[in-house]
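Just below is one structure, and these are the notes that go with it.
Bear in mind the structure is a predicted one, so any value in this text is a computation, not a measurement. In this chain, residues are counted from 1 in sequence order. Note that these values count all heavy atoms, side chains included, but never hydrogens, waters or copies made by symmetry.
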Amino acid sequence: MKILLLFTAILFSNLMISATETQVMVRAKAKDAKFIGSSLGGAHIIVRNKLNQQILAEGNTAGSTGNTDLIMKTPKVRGNSITDAQTGGFVATVDIDEPTFVTIEVISPLNSRQAQAVVSTELWLIPGKNILGEGIILEIPGYIIDILKPRTHQYIALNTIKDKPFLFQANIVMMCGCVIEKGGVWNSDEIEVKGILKKDGKFVKNIDMSWVSTNLFEGNHIINTPGNYELTLYAYREKAGNTGVDKVNYVVFE
């Protein structure tokens, strides 16, 4: 019995020794923008063994959105990094004893479910061969759009709005939380923002939304009939091929 226990202990010890700690830096970068870090609640990272789907590591990115000039204005040259020591990321630490094919999945933005996207890639990890520095960067497309007015399932008396411009309002940011403003790095003049208005399931009108202040867009329409209304609001930048959508339902009653 003692010999069996000793053999088991030696075998377990050898297995532990053969497993090698390997680190991978994973970053989530917003399409046409910066990195997703602490200010937006981070992106969730999951590293899985491709063969059996075992989770080897998971956690959230943390840090800054990065250096705007370096990311958005400096020409990209091979070998030059677009990250610095403060740039948001997650260091996944895995224990492997042989080359392992993994899936790296990014879920972002973690705290904005209506804009959330899942992006993944696959690669080989080699025991003890770290992938750090700039690391693995996954791009997250889209815009985070929050319709502010009207509110979800808001009941509105027709006599309070009839024959008056009814205000539509939305907050829009890049997927990293970077601001949209007139003439800025993320120029509102280059982003088409429109609302598609429906009443009782039928198309009513396209609503032009205009930038009024940082991240804030507004539009209006005169509503003179009761019904169940739906507003689908989108943002689109042709140069980047970037899109985002939010939707709200509200009720106008007599």
Self-check item: Over all atoms of both residues, closest heavy-atom pair of G66 and T87
Solution: CA-OG1, 3.8 Å
Quiz item: T68 and V185: side chain to side chain contact (heavy atoms under 4.5 Å, CB included), yes or no, with the steps?
Solution: CA-CA 9 Å; T68 302; V185 175; 4.2 Å; yes
Self-check item: Side chain to side chain, D163 and N224, heavy atoms closer than 4.5 Å
Solution: yes
Exercise. Check whether V193 and I144 end up in the same hydrophobic cluster, where Ile, Leu, Val, Met, Phe, Trp and Tyr are linked by side-chain heavy atoms less than 4.5 Å apart.
Key: no
Quiz item: So, do I223 and K164 sit near enough that their side-chain heavy atoms are less than 4.5 Å apart?
Solution: no
Quiz item: Does some side-chain heavy atom of K182 sit less than 4.5 Å from a side-chain heavy atom of D189?
Solution: yes
Quiz prompt | Over 12 non-hydrogen atoms of neighbours within 6.0 angstrom of NZ in K76 | solution = yes
Quiz item: Counting only N and O atoms by type, is there a donor-acceptor contact under 3.5 Å from the side chain of T103 to the main-chain atoms of E122?
Solution: no
Quiz item: Does the side chain of H44 come under 3.5 Å of the side chain of N60 through a donor N or O and an acceptor N or O?
Solution: yes
Quiz prompt | Contact check, side chains of F253 and L158, non-hydrogen atoms, under 4.5 Å | solution = no
Quiz item: With a 3.5 Å cut-off and no angle check, do the side chains of E134 and T83 form a donor-acceptor pair?
Solution: no
Quiz item: Can you find a pair of side-chain heavy atoms, one from K247 and one from I147, that are under 4.5 Å apart?
Solution: no
Quiz item: Just how far is it from atom CD1 of I191 to atom OG1 of T243, taken to the nearest 0.5 Å?
Solution: 11.5 Å
Quiz prompt | Exam field: side chain Q116 to backbone P109, donor-acceptor pair closer than 3.5 Å | solution = yes
Quiz prompt | Residue pair L125, V94: steps toward the side chain to side chain contact (heavy atoms under 4.5 Å, CB included) verdict | solution = CA-CA 9 Å; L125 294 184; V94 302; 3.9 Å; yes
Practice problem: Kindly compute the distance separating CZ (F217) from CH2 (W211), expressed to the nearest 0.5 Å. | Solution: 8.5 Å
Quiz prompt | Stepwise side-chain hydrogen bond (donor to acceptor under 3.5 Å, both in side chains) test for Q154 and N249 | solution = CA-CA 8 Å; Q154 182 178 358; N249 294 85; over 6 Å; no
Self-check item: Minimum heavy-atom distance R113-L110, with the two atoms named
Solution: NE-O, 3.7 Å
Self-check item: Within-4.5 Å side-chain heavy-atom neighbours: F168 and E218
Solution: no
Quiz item: Is atom CD of Q53 surrounded by more than 12 heavy atoms (other residues, nucleotides or ligands) closer than 6.0 Å?
Solution: yes
Quiz item: With sequence neighbours excluded, what pairs up with D208 under the side chain to side chain contact (heavy atoms under 4.5 Å, CB included) test?
Solution: K194
Practice problem: Determine the minimum heavy-atom distance between A33 and C176, stating which atoms define it. | Solution: CB-SG, 3.6 Å
Quiz item: So, for E105 and V118, which heavy atoms are closest and what is the spacing to 0.1 Å?
Solution: CG-CG1, 3.6 Å
Self-check item: Closest non-hydrogen atom pair, Y229 against K199
Solution: OH-CD, 3.3 Å
Exercise. Using a strict cut-off of less than 4.0 Å between a Lys/Arg side-chain nitrogen and an Asp/Glu carboxylate oxygen, indicate whether E192 and R237 qualify as a salt bridge.
Key: no
Quiz prompt | Nearest heavy atoms of S108 and I140, plus distance in Å | solution = O-CG2, 3.8 Å
Quiz item: Would you find a donor on one side and an acceptor on the other, under 3.5 Å apart, between the side chain of D200 and the backbone of N228?
Solution: yes
Exercise. Would you please say whether a donor-acceptor pair under 3.5 Å links the side chains of K129 and T22?
Key: no
Practice problem: Give the ring-plane orientation class for F166 versus Y250, where under 30° counts as parallel, over 60° as perpendicular and anything between as tilted. | Solution: parallel
Practice problem: Verify the distance criterion only: is there a donor paired with an acceptor across the side chains of E181 and N215 at less than 3.5 Å? | Solution: no
Quiz item: Can you check side chain to side chain contact (heavy atoms under 4.5 Å, CB included) on N171 and I145, steps first, answer last?
Solution: CA-CA 6 Å; N171 190 78; I145 302 178; over 6 Å; no
